[in-house]
Amino acid sequence: MREELELAEAAVREGARTRNDRWYPQFHIAAESGWINDPNGLSFFADRYQVYFQHHPFGTLHGPMHWGHVSSLNMVKWSREPIALAPSVVEDRNGVFSGSAVVADDGRTLAVYYTGNRWVNGVNEDQGIRQVQMMSESDDGVHFRSKRMVVDAPPGVTHFRDPKVWKMADTWYMVFGACSKDNRGQVWLYTSSDMENWRFDQVIYEDPDPDVFMLECPDMFPLDGKWVLSYCPMGLRPRGHVGRNHHNAGYVVGDWAPGGAFEIVAAYRPSDWGHDYYAPQSFEAPDGRRIAFGWMGGFDRPLPPQEKDGWSGQLTVPRVQTLGPKDTLRSEPVPELKQLRLKTHDFGALSLGENAGAVLLSGVGPMEIEAEVDISAMASERIGFEVQLTEDGHHTFVGYDAAAGRVFLDRRMTAFGDGGVRSAAIEGDRLKLRVFVDNGSVELFANDGMVVLSSCCFPGEGPRAVKVSSEGGAVTFSTLVVHDLDTIWES
Ligand code: FRU
């Protein structure tokens, strides 16, 4: 694989020389150049957080996949690592697809499981694809050896990918997505006692929707006494609010014990209500926290930086996951992100009159906004922040619509890329917002992560400002602060 990795590295470095940074993220993981999609192989190994990702080093479109790699001591500052995996054997000749990583029992070996993707005719998908689950190991998280197939696909099953592995008691478990012979989206469960020989256990889940033909990137993990099964259904028809994404990521909650069936206690819900959240993967941090990253990007909608800027796709900020009221998968930014705060602008208890607005800061870079309001006492119909606001009036609008009882992320005035408004209902008397604004994305966390909206947003040219506004009534924020955020890259 050495030669393939060297070629890929050279391509990434070459691409980085001419990269346009107008929308390049400051505090989100992205490739130095080229395309990325799903987070892969999330783990804590060799005293560092390891994040791999689907990466096409030779261009800004999806192509023969590699695993890019970054690592961190603390999930605050990240170092770029050499590309970890490249297509190099017959099973993965057309792509080292998504997968996961686990630390072996010796504590010194990182084992990765991924899908080897192969075009049957060797040129394109016209004569079909073959996908199998592969394994490879590393002593340092950087150099990988002895790629080999560990789970073959039954004849006639072509969508067969994205292994997620974990251990419980003495048994290793692997789930991945498959399309059944009658075209249904399923998650298959395998077990192993030695990490190497895998036995089919059961189809642990089939999507109840007959339109859904494949469940990409399944993840299954225990959380607060229950089990979460998260996945990305392909084929969902647009029907109301749930499932109108081009790329859906959602979850069910259930009870499960080894050997038994997965008993659902909470039906499918989106994991994130924004435009761009796909293929989330989680892992367990050394302190027991369940932490997830997702991918902000998309396959079938071109993103503005893809055209000329030399990069495409970024991961979300890391999020701690817990189960909230009504078995809601609650996602909050890891507290470590507070270490990225450079300077804090405190606007105290800011009051705005009816139909009033105020520019809070101009000429600002990436930021986090924290705001709190007693919405039970608020006269305002709608409060919001115009973020990435440029002199030509373009901005992305995030806030709360009191009549609808929903928080929203509105891209109708965003300068570049797709438009559209996304929203989600919130409950309770208080509204607590944290909004992360980067050069090419906005993530809104409401009420301690009960609702999250993540979207790619590409601002216009020139200096950027942030403005707060209130419509149809007055409002007083009990808290309103803006933090300038630092870069995540180690200098
Ligand atoms: C999801 C996905 C996975 C696949 C990978 C290929 O975004 O399609 O199912 O393994 O991306 O890049």
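Keep in mind it's a predicted model, so treat the numbers as computed, not measured. Every number for a ligand or one of its atoms is a count from 1 in the order of the listing. Numbers here simply count residues along the sequence, with the first being 1. Keep in mind that the numbers below use all heavy atoms, side chains included, and drop hydrogens, waters and symmetry copies.
For ligand 1, the atoms lying closer than 4.0 Å to a non-hydrogen atom of Ser98 are 5 (C), 10 (O). Distances below 4.0 Å separate heavy atoms of Asn37 from the following atoms of ligand 1: 5 (C), 6 (C), 7 (O), 11 (O), 12 (O). Taking every non-hydrogen atom of Gln54 and a distance limit under 4.0 Å, the qualifying atoms of ligand 1 come out as 5 (C), 6 (C), 12 (O). Below 4.0 Å from some heavy atom of Tyr278 lie the following atoms of ligand 1, by number and element: 1 (C), 7 (O). Of all atoms in ligand 1, listed by their number and element, those nearer than 4.0 Å to a heavy atom of Met65 are 12 (O). Ligand 1 places these atoms under 4.0 Å from at least one heavy atom of Phe97: 4 (C), 6 (C), 10 (O). Short contacts between ligand 1 and His62, defined as distances under 4.0 Å to a heavy atom of the residue, involve ligand atoms 6 (C), 12 (O).
Between Tyr113 and Trp198, the ring centre distance stays below 6.0 Å. When ring centroids are compared, Trp256 and Tyr205 stay outside the 6.0 Å threshold. If you look at Phe200 and Trp188, their ring centroids are closer than 6.0 Å. Outside the 6.0 Å centre-distance limit, the rings of Phe293 and Phe53 are not counted as a close aromatic pair.
At a threshold of 4.0 Å, the pair Asp276-Arg411 counts as salt-bridged, since one of the basic side-chain nitrogens sits closer than that to a carboxylate oxygen.
For Arg145, the CZ atom sits in a packed shell: over 12 heavy atoms of surrounding residues, nucleotides or ligands are nearer than 6.0 Å. Other residues, nucleotides and ligands place no more than 12 heavy atoms under 6.0 Å from the CG atom of Asp47. Annotation for Arg108: atom CZ does not count as buried by contact number, only 12 or fewer foreign heavy atoms lying within 6.0 Å.
The single protein non-hydrogen atom nearest to atom 8 (O) of ligand 1 is Glu216 OE2, 2.8 Å, given as residue, atom name and distance. Atom 7 (O) of ligand 1 has as its closest protein heavy atom Asp38 OD1, 2.7 Å. Distance from atom 4 (C) of ligand 1 to its nearest protein heavy atom, with residue and atom name: Asp162 OD1, 3.5 Å.
Tyr114 does not count as a contact of ligand 1, since none of its heavy atoms falls under 4.0 Å from the ligand.
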